[in-house]
Amino acid sequence: MARVHTLARRNDAPAMLVQLTDCHLFGEPDTVMLGVNTDASLRAVLRQIEADGRHPDLLLATGDLSQDGEPAAYRRLAAMLGAAPALEGARIRCLPGNHDLPSALRQELPEWSAPVTDVGAWRVISLDTTVPGSNAGHLPDSQLDLLEAALAEAPGRHTLLAMHHNPMQIDSHWHDSMMIDNPQALFKRLAHWPQVRVLLWGHVHHEFDRRRHNLRMLATPSTCFQFSIREGKHVVDNLAPGYRWIKLYQDGSMATGVRRVQDALWHTDTQPGADSARAA
């Protein structure tokens with residue numbers, strides 16, 4: 001079992017969590033992808049967090065933090081998050097996505113790669129769903145075993161589970177070949193652990209909020225370009241980048257919302273055929 005990092009809180013105080021996802025930073029700074037400067041858009045989201053008065057106890061960065069897996073991208077991410085006034089005093093946790101190079105991420109951000117963190121009355125568990133050479137995801141037995149061990153160790157804690165790939169279809173009219181390929185293995189294990197109350201992911205560059213029995217299932221907009229499903233097709237959207245905030249209460253309840261950048265228009269210029277491409 002990995003070492004558990006604990007964040008101290010007043011017993012009755014809710015914990016504030018902020019999720020950033022799919023930053024798609026390049027090794028070369030200020031690179032433009034699908035019409036968006038991914039460095040600039042991340043900085044804009046960080047300014048929005050500050051403007052909203054969010055001071056998270058824990059920031060979760062849920063994959064595709066880099067587009068090319070270059071160590072320089074992770075170092076620049078660390079510099080931007082470290083300099084953000086809203087994140088002063090916050091713990092930061094990162095997990096890899098399909099565009100990341102997990103070994104480089106963990107080498108550059110070792111202290112941010114711990115898979116289990118306790119905050120207030122909650123346990124936050126991060127799983128690695130990446131498959132080398134594939135955009136799709138998979139949960140190997142090693143990750144499912146890590147999950148069960150972390151749950152068994154703290155049965156009295158409410159739990160939030162984070163990953164990169166989506167474990168379910170976002171739209172029933174569009175077949176998603178890039179989600180995790182064994183979601184039932186996950187849900188079968190979770191059926192034995194009712195303290196898991198939230199399942200959170202990135203990857204889809206899209207806001208999503210649904211319930212599955214006692215489980216709140218959430219996805220979050222990217223900090224750069226956005227996607228949506230229209231008439232059964234996956235297309236680039238011109239919605240502004242954003243982040244998700246989650247307030248975690250001692251009794252296991254939670255409140256959440258998505259905030260998008262308010263101080264700029266984010267129109268995505270695409271090349272012919274780009275509206276059907278998916279960088280997620």
Side-chain angles (χ1 to χ4, degrees), residues 4-23 41-63 65 77-95 109 111-127 150-151 154 156-164 195-202 207-211 214-223 240-263:
V4 178
H5 294 252
T6 302
L7 309 187
R9 298 286 299 164
R10 278 198 346 257
N11 287 339
D12 61 344
M16 175 61 74
L17 183 151
V18 162
Q19 180 196 11
L20 300 178
T21 195
D22 296 86
C23 307
S41 61
L42 175 57
R43 288 192 292 265
V45 171
L46 293 172
R47 288 196 302 270
Q48 188 65 50
I49 295 171
E50 182 180 7
D52 291 341
R54 308 283 179 206
H55 296 284
D57 301 292
L58 180 64
L59 180 127
L60 271 179
T62 53
L65 309 181
L77 174 72
M80 282 193 269
L81 298 186
L87 302 184
E88 184 177 356
R91 290 286 183 92
I92 298 174
R93 295 291 178 262
C94 298
L95 58 88
L109 307 173
E111 295 183 2
W112 293 359
S113 298
V116 183
T117 303
D118 289 339
V119 53
W122 287 71
R123 172 157 285 195
V124 177
I125 304 172
S126 299
L127 298 182
L151 292 170
R157 284 188 176 273
H158 316 296
T159 300
L160 181 149
L161 177 60
M163 60 183 65
H164 179 68
Q195 75 262 38
V196 181
R197 298 181 177 273
V198 183
L199 179 53
L200 180 69
W201 64 85
E207 181 178 354
F208 181 85
D209 187 342
R210 190 172 297 175
R211 290 188 180 274
N214 69 317
L215 193 60
R216 188 81 172 267
M217 306 183 69
L218 302 169
T220 298
S222 164
T223 64
Y243 72 94
R244 179 179 291 279
W245 60 269
I246 305 176
K247 192 171 283 191
L248 302 171
Y249 291 90
Q250 185 182 13
D251 64 0
S253 62
M254 52 89 75
T256 187
V258 163
R259 286 283 291 166
R260 294 182 184 272
V261 172
Q262 303 296 304
D263 62 354

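Counting from 1, the numbers follow the sequence of the chain as shown. Hydrogens, waters and symmetry mates are skipped; everything else that's a heavy atom, side chains included, is used. Predicted model only: the values in this text are computed from it and were never measured.
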Item to check | Stepwise side-chain contact (heavy atoms from CB on, under 4.5 Å) test for R157 and Q195 | outcome: CA-CA 7 Å; R157 284 188 176 273; Q195 75 262 38; over 6 Å; no
Would you check if the side chain of [X] reaches a backbone N or O of [Y] as a donor-acceptor pair within less than 3.5 Å?
X	Y	value
R54	V18	no
R244	A219	yes
Q250	G120	no
E111	L109	no
S41	T223	yes
E50	L87	no

Minimum heavy-atom separation for [X] to [Y], with atom names?
X	Y	result
T62	W201	OG1-C, 4.3 Å
Y249	H158	O-CD2, 4.2 Å
V196	L215	O-CD1, 3.4 Å
L95	M163	CD1-C, 3.7 Å
D57	A15	OD2-CA, 3.4 Å

Just how far is it from atom [atom1] of [X] to atom [atom2] of [Y], taken to the nearest 0.5 Å?
X	Y	atom1	atom2	answer
I49	H55	CD1	NE2	11.0 Å
D22	L42	CG	CG	11.5 Å
T159	R197	OG1	CZ	9.0 Å
I92	L81	CD1	CG	5.0 Å
L160	T256	CG	OG1	9.5 Å
L17	L58	CG	CG	4.5 Å

Next on the checklist: Quick check on side-chain hydrogen bond (donor to acceptor under 3.5 Å, both in side chains): which of T220, T21, D52 does Y243 satisfy it with?
Outcome noted: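 The residue from T220, T21, D52 that satisfies side-chain hydrogen bond (donor to acceptor under 3.5 Å, both in side chains) with Y243 turns out to be D52.
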Item to check | Any residue meeting side chain to side chain donor-acceptor pair (under 3.5 Å) with S113, in chain and number order, not counting sequence neighbours | outcome: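 Listed in chain order: nothing, the list is empty.
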Checklist entry - Do R93 and S126 get their side chains close enough for a donor-acceptor pair, meaning under 3.5 Å? => result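 Looking only at side-chain atoms, S126 and R93 do not form any donor-acceptor pair under 3.5 Å.
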Checklist entry - Taking NZ, NE, NH1 and NH2 as the nitrogens, is one of them in D209 or R216 under 4.0 Å from a carboxylate oxygen of the other? => result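 Between R216 and D209 there is a salt bridge, with a charged N closer than 4.0 Å to a carboxylate O.
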